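A single structure is presented below for examination.
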Amino acid sequence: MTSSAHHETIQVGNGVESDFREFQSTQKEVPTEADNEHDQSANTEIDTESEETECDPPRDIGTSKGIAATSDDICPTALSMRLAMVRGPDRLPDEGLQEVLRGKLRVLEADSGEVTALFTELSARLLSINSEDDSIFITFKTFEEIWKFSTYYKMGFLGQCMENLLLDQVFWLNSLEQDDAGIEVSIQEETLNLMYKGILMQEGSFFGSCSANQMFDSSTSGSDLYLEQGDIALFEPPFMGSGWTVQSLVDGARGTKPKPALEPVIPFHQWFLKSCPENILVGSGKVAYDFPFQFAVGSCMATVEYDACGSDELSFERGDHIQTVGLLVSCYEWFLGRHEGTGNIGLVRTSLVKPTDSLCESTDTFLNKEDRLLFYISDEHTKGETITLLNKTSKSDVGTVYKLDLIELQDSPRGINQNGPYNNTIPSKREELKSKIDVILSELKEPGPISAEVTEPSSVNETSEQGEDEGVPCFTVHSEESSPSPDGILSLLSFLNCSSYKAEFRTLYDHSLQFRHTLFQGYTEEEELVSFLGVARETARKKRLYWAQSRICFLLGKMCARKSKYSQARVYFEETLSVVRDHFTDIFLLISVYTNLAIIYLMQKNTEKYFSVSERIAALLMGIPNYIYSTEKEPEVFKYILKKAILAHNKAAEARACFLLAKVYSKLHRGQSAVPFIERLQVLAEEMPETCKAMPSHCYLTLGKLYGEKYLPHLAVSSVRRASLHPSATLTDCLIGIGFVLENAPRLYGVGKQGILVPTQVAPYLNRALAFTSGEEDRALRQAISLCLSRLFQKHGMLDKAVHCMHGLIDRGLGMSLTDTTSMLISLAWLHICNRQHHLALDVLDSVLSSTPENCTTPQEGVVYNMRAIALRHSGDIKQAAHSYQEAIDICEEFDSRHNWAIALANFGLLCLQAKARALAETNLVRSVELFSELEDEGHEVNFITVLLKVGQYYVQQGQLEKGKIYYEWALLIAINSNHSECQLQATRRLCHLYHVVCPDEAQCIIYNEHLLNLVRKIGDKGQEAEILETISQLYLSLGTEKAYRSALDYTKRSLGIFIDLRKKEKEAYAWLQAGKIYHILKQNELVDLYVQVAQDSGLSTGDTNFILELLEVAGDVFFNASQEKEKAVAFYRDRALPIAMKTGNVRSQLRLSNKLVELLMQLKQYVEAVEFAQAALDISVTLGEHLNERVAFHRLATLYHCLGQYELAEHFFLKALSLCPSPLQFDEETLYYVRVYQTLGDIIFYDLKDPYDAAGYYHLALAAAMDLGNKKSQLKLCTRLATIYHNFLVNRELSLFFYQKARAFATELNVRRINLSPDQQISSTSQYKSSVQ
């Protein structure tokens, strides 16, 4: 796999900006793997019409610069993402963490479902994962996908999303003390640019920016089209040999050019301009004047005299000074100014003024006193919700339910004793802790004021708008005579006839038309209200109440527009503007009128007036903060404002326009439509940190909320993380982050992550929020956070840290009720027990007991006694532990708490087992099981299963296997019924061990290992899965049938695949070898050599000489232990393994290999060569001084010389071997060895050396050993030989008859019909030996 060359990469993960280089049209080498099937999710939709379908965020991408566009550019098909683990403020690589990351990538290479889902959320398509290169390859199909992906990239979400996916739960807890460790992502900018341009070329027309001044042949007018550098236009690539077509956005003029110099605009601009309707897009696009500042504040000077054409404009003389109201944005025709001489406020044309010395670029895109929040947050409400959520999350039953004394199995996952600050506590610290607890408990016992509980606010927010509504008067439309009341009309006119804005007018201007219900009453039909307002309008006109007439016309216009009577509405709105004689001092009304007029002009396709009004709106919005949204179609007006900013390359104006669009969409409850603009605002805030102070933490929180609504959990959590950990974050931001992580936990970790309910990703938020808490008012929140952190540390085995959190609570004072305080102290005691600090636990528990009422027993006392007994047991005080258990049992009986009763009996039974009181232990354990089995409620299954497994283990150890099986299987059934994966794993492992080791049963063992395999797959542990597959393969192999062999091969191959993915080279090599062995058994020899060779290659790649040596020996064993092709083992032993063993000085391996070679060569009848290795084995054995190995070596040498016909040497070495035998003989095997060797020596002397006399001596020795052993067959054979020798050669009739009679007796007993005493010495002892060897 090759990756595309790249000159520079962009560091991501922490929002570092990208620096895009020149576009190059050279071909790049990229991976071209087949596309994965990729279902597009809802977040690929885009805004196209005024309806504005939901769309996801864009991102700046580098573009081609100064290169003439051609249709021949090569478009890459894949983008490489490199992942690096870094830590510290300098973001330096960490090799240890990098290897952990690489291991996770290896697992995901085989099972990429989670990665595919993540990249679908990120609007990309996964191609492949290359763990060796720490890379992930992705592709895109549309420019919208590149836009969204690049947006997430620049905002720093990619690294955080990868962290959520790839890093384990313990990492996040460790990260609290590490130096900002995390994943940094780098991508290839040139490749991304090429892909972006290629996709735009495929899709047809796109928006681009001219990279040089150029002329185009005009197709719509006589003159050529001239575009300057930086002008944005719509380009259409050549088709069928034609040139490029361009359309100007200034006036819609078109032109053509063979090869224009252009670069595509960034993806966000591409998306936005494509989503704009043509009547907004084309026209009024270019500023005809050059103002030296883009985004200015201060004072400017009029260059000409100007008389206002309307009440909204400002009149001035040449040389007058005009102070900007808000911002002067050079890309808009107007700005809002205040005449320094008269104090009047109105619109001023930007082209009619010039800057003074006081005019300068603005340092902020926001106006003074402007509400920058996109949604309102109540700090108190958020705090109350968080306390409730954390208390629910960290809720524990430790204060009500007895603990089962199996600490190592449950509460200390690591099974190690941490040596932290609370271990080996000095006495003074113990006393200090005990005194603090005593003070807390004594204060609670004394009567006093009850501490205030934190109450949740009744509503999320009491906005200023609600307060404003309270002062609005209400007018009756009809009197009792069903005719308009003059007094009512006059009071209405009096209310409305105000030249300036009042807070009560907000409901009149608001888009929701609330004034119909808040301002008027007494009518049933809306036409009645219209008629009433018509009369009021006429009355105002007659009485020359111009402001009242103007506002009534505005209300009538809004009601007409609501019924789609746009022409009539336009008349009313225009009258609203024309009625006012003097300056239009109610700016909020002016904005509302212009906005409604602009929408009507747009719908009536009156483009000229739409542009004119929109320019005025832009000026007003740049000067007036917190204006009132007056129509649901308002975003269509704001699109023009944003378009002008984009075409003018004015980033500050673009940021403000994005903010206004995001805010209006939020106000209109169209949050998903606001997402692209909030994202763009954040990108601009990163690019212009000094100008665009957009409250990043709040914007990120808003994005997280909107991502969560769209079911994008990774993005939601990443966004909230950026908000909570940002330097500008507040306590409320952190608390909202806590809620987001817990809310999205089921989506992120529900599948394949063991159903994590409280992910440790919440720990950084908790830690940051804890740092913010101070003072008495935050006590309840501080307690909730500390308890939650303690639970997380405890769950993941970081017991010292969990204890530290609890001690911190005690140091600051608890302020809880007595019951809650007692529960918390019991939790602390249990932590000390789990952390093996039993004396500290006893101190806490004794303090709790001393605080309980003397004459009133409570169930909580039983919890304390049970826990106290556990601490005493681990302290070695068995007697006191038994007494405490009895107290706990008595309290359970008193309150009939059968669940706790069962646990107490089980604990007492375990204590009895420790004390060797097995009968009493069995009685209590069985009684505990009976009580558990009678329980009908849920929640006790884990304890029940644990007790069943303990009882089963007890019976198995006592040899009562059937009872043990019953209890194990009972535990498994309950675990399956309760759907508890961890308990199923424990029970299944016990059953596998039972049927594999204790009472072997291959069939049953295979069944339970199959079930264990399914369980391990669910939790996603690939390492365990591969080991279980290996075990099942071995079990099938032991069955010895062809069908079983094929099943074993299948399981071996599956484990091999996992080992390859995990890059476990040693395991992989053995798996290749195992597969080759099975093929050899199946006699598919054509595949055996291939698999063995791959196994060798895998072993060699490890570079571990000892492992390679071991592997080569095992490879030889494949052929050595088989019935065919044994000669292939020689090459592995002699030519490969033995030289390595000699080079490394591995004497044991040399001895073992030499012995195997001797045995193998003897079977192959290569005796001469075998002598060399037999002698080597003898030399090594002598060096090691091991008599058994020496004896074996002498015996093998004797056998070889015997086969080679060197009988004297054979006799010598046999006698040497016998001399090393222990004396006296201890085992029957040693005696049998004497029989066989002496018989062999007798055969050599008698048959080969023809010496009957010496042969008789050896036969006598062999017969003595056979008689001692009681082996009648050997005695028969030896008596026959001796009888033959004495009868035919030594001619001793008496001995011959004696041995003959002995032989006859043995023959009769063994049912042998005939004894041969013929003197045949032509038989060779060597041929007999050779036949035995074969």
Side-chain angles (χ1 to χ4, degrees), residues 1158 1161-1163 1165-1168 1170-1171 1174-1175 1178 1191 1193-1221 1231-1269 1271-1304 1306-1307 1312 1314-1334:
V1158 172
L1161 292 170
M1162 286 175 64
Q1163 294 179 23
K1165 301 182 182 179
Q1166 298 178 18
Y1167 305 117
V1168 175
V1171 170
Q1175 186 62 53
L1178 176 59
R1191 193 197 325 171
F1194 279 127
H1195 183 91
R1196 283 204 170 115
L1197 268 174
T1199 302
L1200 285 170
Y1201 284 124
H1202 187 190
C1203 293
L1204 289 170
Q1206 299 182 30
Y1207 304 116
E1208 290 83 358
L1209 285 173
E1211 180 184 11
H1212 169 73
F1213 285 112
F1214 274 132
L1215 291 174
K1216 291 286 287 183
L1218 288 172
S1219 69
L1220 292 173
C1221 289
T1231 307
L1232 180 61
Y1233 179 72
Y1234 267 87
V1235 173
R1236 290 178 177 176
V1237 172
Y1238 278 126
Q1239 181 180 335
T1240 301
L1241 284 169
D1243 290 343
I1244 291 172
I1245 301 300
F1246 181 63
Y1247 292 108
D1248 299 317
L1249 296 179
K1250 312 299 183 181
D1251 186 350
Y1253 183 83
D1254 287 344
Y1258 286 123
Y1259 285 142
H1260 275 289
L1261 291 171
L1263 180 59
M1267 292 174 66
D1268 184 55
L1269 185 63
N1271 190 324
K1272 295 180 179 179
K1273 288 185 179 180
S1274 296
Q1275 291 182 60
L1276 169 61
K1277 185 183 291 186
L1278 291 166
C1279 286
T1280 303
R1281 299 278 175 88
L1282 286 168
T1284 301
I1285 290 173
Y1286 284 117
H1287 179 74
N1288 296 302
F1289 299 98
L1290 299 182
V1291 193
N1292 188 330
R1293 301 294 183 184
E1294 183 178 353
L1295 288 175
S1296 172
L1297 179 62
F1298 172 78
F1299 285 112
Y1300 177 76
Q1301 290 175 344
K1302 281 279 190 181
R1304 288 291 300 172
F1306 285 122
V1312 177
R1314 183 179 177 184
I1315 299 176
N1316 184 11
L1317 298 180
S1318 62
D1320 186 2
Q1321 282 191 294
Q1322 303 305 316
I1323 300 174
S1324 172
S1325 64
T1326 308
S1327 62
Q1328 293 176 0
Y1329 177 77
K1330 287 179 182 178
S1331 64
S1332 68
V1333 171
Q1334 295 171 4

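When reading the values below, keep in mind they use all heavy atoms of this one structure, side chains included, and skip hydrogens, waters and symmetry mates. Keep in mind the model is a prediction, meaning the values are calculated, not measured.
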*Which residues pass the side chain to side chain donor-acceptor pair (under 3.5 Å) test with Y1201, sequence neighbours left out?*
none
*From CD1 (I1285) to CG (D1251), nearest 0.5 Å*: 9.5 Å
*When rounded to the nearest 0.5 angstrom, what distance separates CZ in R1281 from CG in L1263?*
12.5 Å
*Between CD1 of I1245 and OH of Y1253, what distance do you get to the nearest 0.5 Å?*
13.5 Å
*In chain order, what residues pass the ring-ring contact (aromatic ring centres under 6.0 Å, His included) check against Y1238, with sequence neighbours excluded?*
Y1234
*How far apart are the C-alpha atoms of L1200 and V1158, what are their side-chain angles, what is the distance that settles it, and do they pass the side-chain contact (heavy atoms from CB on, under 4.5 Å) test?*
CA-CA 9 Å; L1200 285 170; V1158 172; 4.1 Å; yes
*To the nearest 0.5 Å, how far apart are CZ in R1196 and CG in L1161?*
11.0 Å
*List in chain and number order the residues that pass side chain to side chain donor-acceptor pair (under 3.5 Å) with H1260, two or more places apart in sequence or in another chain; answer none if no residue qualifies.*
Y1286
*Interatomic spacing from CZ in R1191 to CG in L1178 - rounded to 0.5 Å*: 14.0 Å
_For F1299 against C1279, the heavy-atom pair lying closest together_ = CB-O, 3.6 Å
_E1211: side chain to side chain donor-acceptor pair (under 3.5 Å) partners, not counting sequence neighbours_ = Y1258
*Short question: side chain of S1219, backbone of K1216 - any donor-acceptor pair under 3.5 Å?*
yes
_Donor-acceptor under 3.5 Å (T1240 side chain, R1236 main chain)_ = yes
*Assess the pair H1195 and F1214: is the distance between their ring centroids shorter than 6.0 Å?*
yes
*asked:* For a side-chain contact (heavy atoms from CB on, under 4.5 Å) check, start with the C-alpha distance between L1241 and L1218, then their side-chain angles and the critical distance, and finish with the verdict.
replied: CA-CA 11 Å; L1241 284 169; L1218 288 172; 4.1 Å; yes
*Which atom names give the shortest non-hydrogen contact between T1280 and A1303, and what distance separates them?*
OG1-CB, 3.8 Å
*Residues in side-chain contact (heavy atoms from CB on, under 4.5 Å) with S1274, at least two apart?*
V1235, A1266, N1271
_Using only atom types and a distance under 3.5 Å, with no angle test, would you say the side chain of K1165 pairs donor to acceptor with the backbone of M1162?_
no
_Intermediate values then yes/no, side-chain contact (heavy atoms from CB on, under 4.5 Å), F1194 and L1215_ = CA-CA 9 Å; F1194 279 127; L1215 291 174; over 6 Å; no
_CG-CE distance between L1269 and M1267, expressed to the nearest 0.5 angstrom_ = 12.0 Å
*Q1206: what forms a side chain to side chain donor-acceptor pair (under 3.5 Å) with it, not counting sequence neighbours?*
none
*For residues A1265 and T1231, report the shortest heavy-atom separation together with the two atoms involved.*
O-CG2, 3.3 Å
